[in-house]
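One structure is given here, and the rest of the page talks about it.
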Amino acid sequence: MTIKTSRRKNVEFGSKFLESSQHQLICLCHTRNIGCIFYVMAASPIMRIPCKVAELSLDISLNCGQSFRWKKRPSGEWAGVLAGYLWLMNQDEAGLNYRVVTPVVQSEASPSESLPAKKAEMKECIDYEHMVKDYFQLDIDLESLYRQWSLADANFDKVAKNFVGVRMLKQDPVENLFAFICSSNNNIQRITGMVEKLCETYGNHLLTYEDMAYYTFPSIESLAEEKVESKLRTLGFGYRAKFIQQSAAKIMKNGGRDWLLNLRTVSYLEAKSSLMTLPGIGAKVADCICLMSLNHSVAIPVDTHVFQIAKANYVPHLSQTKSVTDKVYNEISAHFQSLFGTYAGWAHSV
DNA sequence: ACAGACCCTCAGCA
DNA sequence: ATGCTGAGGGTCT
């Protein structure tokens, strides 16, 4: 089997490996003085889920500020790390195409010995389709929700045709939480850079694919260490450096990742108020986390833009209001919740 | 309820 | 070319 390397040479080895598998092997080979380091990855075949653009627009949903981790590659594919794999996706009118790239071996030894041992692992049946459907929440009928929202609100009806297929992702709450601590008083470009720095500094290098390094999102533990604040300061996080370290430490004290995941099972208001006990998380960020990773689809994050839109089109008596006080925040939230119903947060995103 | 302060960056403009 | 200002998916005191 011929394997392309990052140095654009071809390496021959392991021709029997995976001969009966439908997976494709990719090997990146770096010479380091005498030895070689092999980064071996397996790319799945392209898989497909029938899905209309009206049910899911990748271009909007992956790039509208709910996740900061998806990047469009020159090929037009979206690339992102999810559940410890690199995913590559695109879509056409009728379907979503995706493939998965996963590291198999990273060793300084000759790969010929370790590869067969990984063979069984590769063949392990992983339900990628289920993971995609879960992440995009494809069991939720978005077209039907759009119809419902259009009936409820003429303004939505007018605007919605330009923003078809806007779907909330079901994100990992750890990534979601720390990314949105970064979002306060900030712009998307800078937030994206900060999330990248978090991953490069405290995440694990997953693999390098076509000259792009991909990292996992850091664990809560790794962000909870005391040194993190000063390090993030030097990386330009500003006052958010302290929030990140302190929130991580507090979550660990509360029970770590399980404590966060458990917020999916409690009521929306309980989840929100629990999140707001963490430093750097106020009402808006808490609502973002509720909506984007904790299944509380009724949550309405009221940011400065939602405030402006609400003043101009929905809650006239706020037209002279200068700032978003708690009272104003709750009033705007409640308005959109009663207008759009259970999936109000999804409608708000459109 | 409401200012200020908080880190940093980047348009927009003089 | 430099320098100033305001705002950017807020939060805390």
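Values in this document were obtained by computation on a predicted structure and should not be read as measured data. A, B, ... follow the sequence lines: proteins, then strands. Residue 1 opens every chain.
Remark: the Arg233(A) side chain and the dC8(B) base include no donor-acceptor N/O pair separated by less than 3.5 Å. Contact of Tyr329(A) with dG10(C) (side chain to base): no donor-acceptor pair of N or O atoms is detected under 3.5 Å. Counting distance only, with no hydrogens placed and no angle test, the side-chain atoms of Asn185(A) and the base atoms of dC7(B) include a donor-acceptor pair under 3.5 Å.
In the hydrophobic cluster analysis, where Ile, Leu, Val, Met, Phe, Trp and Tyr join through side-chain heavy atoms closer than 4.5 angstrom, Tyr329(A) is grouped together with Ile332(A).
More than 12 heavy atoms of other shown residues, nucleotides or ligands fall within 6.0 angstrom of atom NZ in Lys170(A). For Glu93(A), the CD atom counts as loosely surrounded, since its 6.0 Å shell holds 12 or fewer non-hydrogen atoms of other residues, nucleotides or ligands. For CD of Gln189(A), the number of neighbouring non-hydrogen atoms (other residues, nucleotides, ligands) closer than 6.0 Å is 12 at most.
Using P as the reference atom, dC7(B) and dG3(C) are 24 Å apart when rounded to the nearest Å. For the P atoms, the distance linking dG9(C) with dG12(B) amounts to 14 Å, nearest Å. Straight-line distance between the P atoms of dG4(B) and dG6(C): roughly 14 Å, to the nearest whole Å.
Between Met276(A) and Gly65(A), the residue whose closest nucleotide on DNA chain C is further toward the 5' end is Gly65(A).
Of the candidates dT11(C), dA1(B), dT9(B), the closest approach to any side-chain atom of Ser184(A) belongs to dT11(C). Listed nucleotides: dG10(C), dC8(B), dG9(C). Nearest to the side chain of Ile188(A): dG9(C). With dG9(C), dC2(B), dA1(B) as the candidates, the nucleotide lying closest to the side chain of His348(A) is dG9(C).
A heavy atom lying under 4.0 Å from DNA chain B marks none of the residues of residues 287-314 of chain A.
Ring-centre distance between Tyr98(A) and Tyr128(A): not below the 6.0 Å cut-off.
In secondary-structure terms, DNA chain C builds stems of at least 3 consecutive Watson-Crick or G-U pairs, each pair having both distances under 3.5 Å, at B:3-6 with C:10-13, B:8-14 with C:2-8.
Look at Glu175(A) and Arg69(A) and you find a salt bridge, because one of the NZ, NE, NH1 or NH2 atoms lies within 4.0 Å of a carboxylate O, short of that distance.
Separating the CZ atom of Arg240(A) from the P atom of dG10(C) is a distance of 10 Å, rounded to the nearest angstrom.
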For nucleotides 3-6 of chain C, which of its nitrogen or oxygen atoms have a protein nitrogen or oxygen under 3.5 Å away, and what is each distance?
none

**Steps toward ring pair (Phe, Tyr, Trp, His ring centres under 6.0 Å) verdict (Phe180(A), Phe68(A))** = CA-CA 10 Å; Phe180(A) 276 82; Phe68(A) 302 95; 5.5 Å; yes

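Checked by atom type and distance alone, the side chain of Ser61(A) pairs as donor or acceptor with a backbone atom of Arg167(A) at under 3.5 Å. With hydrogens and angles disregarded, a donor-acceptor distance shorter than 3.5 Å links the side chain of Ser222(A) to the backbone of Ser219(A).
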